[in-house]
Amino acid sequence: VDLLVYTVAIPADNEEYAYAGKNSVPCVSRADYLGYLMSGYEKRIGVSGMHGKSTTTSMLSHIFSTAGLDPTVSCGAVMLDEGNAYRIGGNEFFIFEACEYMDSFLDFYPTTAIVLNIEMDHVDYFKSMAQIETSFGKFVRRCGADGTAVVNAGDANVMRAVTGFEGHTVTFGSDAQSASDVSFRRGCAHFTVSLRGHRLCEIALSVPGAHLIDDSLAAFAAAHVNGVGIDNIKNALESFTGAARRMEKCGSTPAGADVFSDYAHHPTEIAATLAAAREMGYNRVFC
């Protein structure tokens with residue numbers, strides 16, 4: 001073995017990690033290694049936030065892929081259209097999920113930093129909202145003065161975190177880029193995207209959940225500022241089928257009940273998942 005790449009989520013007494021230490025096998029954290037890999041790409045789009053990272057990363061992968069831009073992608077979940085949690089593409093675009101746990105995302109080098117939302121999580125490491133906001137602020141500033149921050153203007157924690165960023169800031173979920181005329185069809189959102197009051201397009205998602213509106217707006221904004229046309233973005237978002245274990249349909253029982261798998265593990269995520277299930281037209285929902 002030439003190199004052990006490890007995640008900071010494992011304990012120090014992990015057998016393989018301990019073996020490497022005792023036998024002088026070089027070790028590097030996954031975050032450091034991913035940061036090294038992305039450094040060779042021209043445009044690097046990092047997706048951060050407590051919720052929605054994998055879905056938004058998958059959306060961006062689908063947008064750039066269907067637009068013929070051949071992105072390289074590192075996602076935290078299996079992307080259903082790729083069948084993998086990664087995609088090996090060209091050298092221009094690197095799209096990656098930026099995990100905040102243990103400040104791992106501070107080893108990355110985004111040129112576009114997305115911040116979907118911020119709230120209390122990972123309390124074994126983060127001890128206060130102030131600490132979390134400071135970390136996200138540092139992540140955004142890694143874009144530099146020439147970079148772009150795509151941020152949720154409807155989240156006060158996010159807006160505090162990005163205060164003082166010297167690069168270009170693009171907001172979503174506000175008058176700058178917003179969703180209006182929202183309706184739902186079997187849990188899937190239909191809405192109009194506007195920019196500073198000017199209508200851009202209508203989008204009809206194929207995956208359920210009101211929370212996917214913000215994810216879509218973030219992906220829309222990040223793709224647009226990186227040169228993807230509006231029609232390409234619209235068509236990709238409408239044909240997006242989701243990420244694994246994000247309201248993923250597994251099949252049906254013999255009695256006819258549809259079965260879905262969802263990774264929601266934070267109270268906010270569980271509430272969003274159950275709200276989506278209730279909008280899908282079923283008489284009863286079992287969790």
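Predicted model, so just to flag it, every value in this text is computed and none were measured.
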Would you check if the side chain of [X] reaches a backbone N or O of [Y] as a donor-acceptor pair within less than 3.5 Å?
X    : Y    : result
E269 : H265 : yes
H198 : R196 : no
T111 : R44  : yes
S61  : T57  : no
T56  : K53  : no
D155 : N117 : no
E82  : R87  : no

Indicate the atoms forming the closest heavy-atom contact of [X] with [Y], along with that distance.
X    : Y    : answer
A276 : G209 : CB-CA, 3.6 Å
M159 : N152 : SD-O, 3.7 Å
S252 : K249 : OG-CE, 4.2 Å
K127 : V123 : NZ-O, 3.1 Å
P71  : F64  : CG-CB, 3.6 Å
V140 : A113 : CA-CB, 4.2 Å

Exercise. How about Y41 and Y109: are their ring centroids closer than 6.0 Å?
Worked result: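 Ring-ring flag for Y41/Y109: false, centres at least 6.0 Å apart.
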For residues 231-241, which side-chain N or O atoms pair as donor and acceptor with protein atoms under 3.5 Å away, sequence neighbours left out?
| from | atom 1 | to | atom 2 | distance (Å) |
| --- | --- | --- | --- | --- |
| K234 | NZ | E202 | O | 2.6 |
| K234 | NZ | E238 | OE2 | 3.0 |
| N235 | ND2 | D231 | O | 3.2 |
| E238 | OE2 | A204 | N | 2.9 |
| S239 | OG | H62 | NE2 | 2.8 |
| S239 | OG | N235 | O | 3.1 |
| S239 | OG | A236 | O | 3.2 |

Can you tell me how far the [atom1] atom of [X] sits from the [atom2] atom of [Y], to the nearest 0.5 Å?
X    : Y    : atom1 : atom2 : value
Y17  : Y6   : OH    : OH    : 4.5 Å
C287 : I270 : SG    : CD1   : 7.0 Å
H122 : S135 : NE2   : OG    : 11.0 Å
I10  : E16  : CD1   : CD    : 8.0 Å
R199 : S180 : CZ    : OG    : 9.0 Å
R186 : Y282 : CZ    : OH    : 5.0 Å

Exercise. Do you reckon L116 sits in the same ILVMFWY cluster as M247, going by side-chain contacts under 4.5 Å, direct or chained?
Worked result: no
For this session: Flag yes if I45 and V151 sit in one hydrophobic cluster, no otherwise; membership is Ile, Leu, Val, Met, Phe, Trp, Tyr, and two members link when side-chain heavy atoms are under 4.5 Å apart.
Result: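 In one cluster with I45: V151, no.
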Under 3.5 Å, sequence neighbours excluded: what are the donor-acceptor pairs made by side chains of residues 211-226?
| from | atom 1 | to | atom 2 | distance (Å) |
| --- | --- | --- | --- | --- |
| S216 | OG | L212 | O | 2.7 |
| N226 | ND2 | T112 | OG1 | 3.2 |
| N226 | ND2 | A222 | O | 2.8 |

For this session: May I have the step-by-step check of side-chain hydrogen bond (donor to acceptor under 3.5 Å, both in side chains) for D121 and Y101, ending in yes or no?
Result: CA-CA 9 Å; D121 200 356; Y101 183 58; over 6 Å; no
[X] atom [atom1], over 12 foreign heavy atoms within 6.0 Å:
X    : atom1 : value
Y263 : OH    : no
N23  : CG    : yes
R30  : CZ    : no

For this session: For the pair V158 and F136, evaluate side-chain contact (heavy atoms from CB on, under 4.5 Å) and give the outcome as yes or no after the intermediate values.
Result: CA-CA 8 Å; V158 171; F136 275 88; over 6 Å; no
Exercise. Do R246 and T273 pass the side-chain contact (heavy atoms from CB on, under 4.5 Å) test, and can you show the C-alpha distance, the side-chain angles, and the key distance before you say yes or no?
Worked result: CA-CA 9 Å; R246 275 67 179 173; T273 297; over 6 Å; no
For this session: Taking atom types as modelled, find out whether Y36 and D107 have a side-chain donor-acceptor pair closer than 3.5 angstrom.
Result: no
Exercise. Could you go step by step and tell me if H266 and H51 meet the side-chain contact (heavy atoms from CB on, under 4.5 Å) rule?
Worked result: CA-CA 9 Å; H266 182 286; H51 321 298; 3.6 Å; yes
Problem set entry | Working for side-chain contact (heavy atoms from CB on, under 4.5 Å), residues L4 and Y19 | CA-CA 10 Å; L4 175 70; Y19 177 91; over 6 Å; no
Exercise. Taking side chain as C-beta onward, heavy atoms only, is F94 less than 4.5 Å from S74?
Worked result: yes
